[in-house]
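All values reported here derive from a predicted model rather than from experimental measurement. In what follows, chains are A, B, ... by sequence order, proteins preceding strands, each numbered from 1.
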2 protein chains.
Amino acid sequence: MSVQERKERERAARERLIVATARELAEEQGWDAVTTRRLAERIEYSQPVLYSHFRGKREIIGAVALEGAAEMAGALRAATRAADGPRARVVVLARTYLDFAERNPAVYDAMFQLDGGLAFAQEDTPAPLKDAFTALLETLAEVAGDGVHPGVFTEVFWASLHGLATLTRAGRLPAEYAEGRLELLVDRLAVV
Amino acid sequence: MSVQERKERERAARERLIVATARELAEEQGWDAVTTRRLAERIEYSQPVLYSHFRGKREIIGAVALEGAAEMAGALRAATRAADGPRARVVVLARTYLDFAERNPAVYDAMFQLDGGLAFAQEDTPAPLKDAFTALLETLAEVAGDGVHPGVFTEVFWASLHGLATLTRAGRLPAEYAEGRLELLVDRLAVV
DNA sequence: CGCGAATTCTAGCATCGCTAGACAATCGAG
DNA sequence: CTCGATTGTCTAGCGATGCTAGAATTCGCG
């Protein structure tokens, strides 16, 4: 028992180290800088070790994405729980989402911009991704408006936030009116 | 005169060939398949010729993006011109935008997902990009609503469309309710 | 025709993701 | 405690990538 268990624990710890290091490196210098060589050097193992944990770079991105999804779901729930009233909850939800994207650009990219080999919007979508969507839905369902499917409403709202997040960060939208855009979006989309 | 002029004409033609070929290849097999070697082979020149026209791959992507922006602006204007009434114009605008993104995924990526080295939302933003934004604004200004800056409204609307376009194409939104999402978005955002 | 300049190509660099096969460490049986 | 076998890890290398230096070629002009 003990020997094998210890090995498995160590292996799991190393896997977490890989994911954490990849995330770190990506936030520091962007995903392009996350090469298998650099990553291997940082965890102080050789490259092939990475491939004994993950099929390839794509799967490492996927692992970071799942970690990020869980974090985002937590952040969204924590933020909305502290807000009073449907409208305030939606505003804080949107702000928290955009804030997460801005503070964790590499993680956000792993989740929604890069190919992490994860299934979306299907039965076999990993739980953390489903749950992050659910976290959005919990707050948005109460402002979807009559006769509007909450899931579809959440999809639209999410897409809008995603558009704002990505275009702003890429410098394709001016940074200055960010708050005004957020409020306009909430005012128009949410039925309070 | 004549010799030098002919050379310049030929040079310009070859530059157009490079851009067109890059676009073709990207639409056929994705931007990852657009390598300098493959591109050079298709235009029947060696790799260094590419670098006598463009600083690197990034600039080639940028050139495709500009071409795409001009096309998109034309498509948006043609579509909205044929529609009666503000709401119908907005619906057809949104549909045309999403349609363009779906039919020209590689061009859309060059414009809004990849780094083409272009400036956005600044004075030195290339004219085609500014004009594409203007094409959106022309139709959207009349449904921005009282007291809402048309530019900011256009930014929000554009971001929402962009989110829908990218998330749908990446399979992160189910393909089935696409039309419903579009109509919901227009109903809520546009003030008619 | 033949020279000088402009143009194009060959060959190569550093780096990438990924992997085969050599090597080392560890385990269980006797 | 030793020794073979299994597991784990590393070294070295493959075929690509974007990009470039310098050789080779082509071309216009006197």
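- Side-chain contact between A:R87 and A:V143 is absent, with no heavy atoms from C-beta onward closer than 4.5 Å.
- If you measure from atom CG of B:L50 to atom P of D:dT17, you get 13 Å, rounded to the nearest angstrom.
- Here the side chains of A:R181 and A:L173 are in contact, with some heavy-atom distance below 4.5 Å.
- A:Q47 contributes no side-chain N or O that forms a donor-acceptor pair with the base of D:dC10 under 3.5 Å.
- In terms of heavy atoms, B:R95 sits closest to B:E179 at NH1-OE2, 2.5 Å.
- One can place CD1 of B:I61 at 15 Å from C1' of D:dC19, the figure rounded to the nearest angstrom.
- Side-chain atoms of A:Y51 lie closest to C:dG17 of the nucleotides C:dT8, C:dG17, D:dT11.
- The separation between A:H53 atom NE2 and D:dT9 atom P is 7 Å, rounded to whole Å.
- Rounded to an integer number of Å, the gap from B:W31 CH2 to D:dG18 C1' is 15 Å.
- Residue-level contact check: A:R14 touches the backbone only, with heavy atoms under 4.0 Å from sugar-phosphate atoms and none from bases.
- In this structure, CD1 of B:I18 is placed 14 Å from P of D:dG18, rounded to the nearest angstrom.
- Distances shorter than 4.0 Å separate some side-chain N or O of A:T35 from OP1 or OP2 on C:dC16.
- For B:Y45 and C:dT10, the OH to P distance is 14 Å, given to the nearest whole Å.
- The nearest pair of heavy atoms linking B:S52 to B:R14 is OG-NH2, 4.0 Å.
- Using a 4.0 Å cut-off between a side-chain N of Lys or Arg and a carboxylate O of Asp or Glu, A:E71 and A:R23 qualify as a salt bridge.
- In terms of position along DNA chain C, the nucleotide closest to B:R11 lies nearer the 5' end than the nucleotide closest to the other residue of the pair B:R11 and B:R37.
- Listed nucleotides: C:dG17, D:dC10, D:dC19. Nearest to the side chain of B:K57: D:dC19.
- Among the protein residues, A:R38 comes within range of the sugar-phosphate backbone only, with heavy atoms under 4.0 Å from sugar or phosphate atoms but none that close to a base.
- Nucleotide D:dT9 holds its P atom 18 Å from the CD atom of A:E41, rounded to whole Å.
- Within the structure, a side-chain polar atom (N or O) of A:T36 is placed less than 4.0 Å from OP1 or OP2 of C:dG17.
- Counting to the nearest Å, the C1' atom of C:dT8 and the CD atom of B:E15 are 17 Å from each other.
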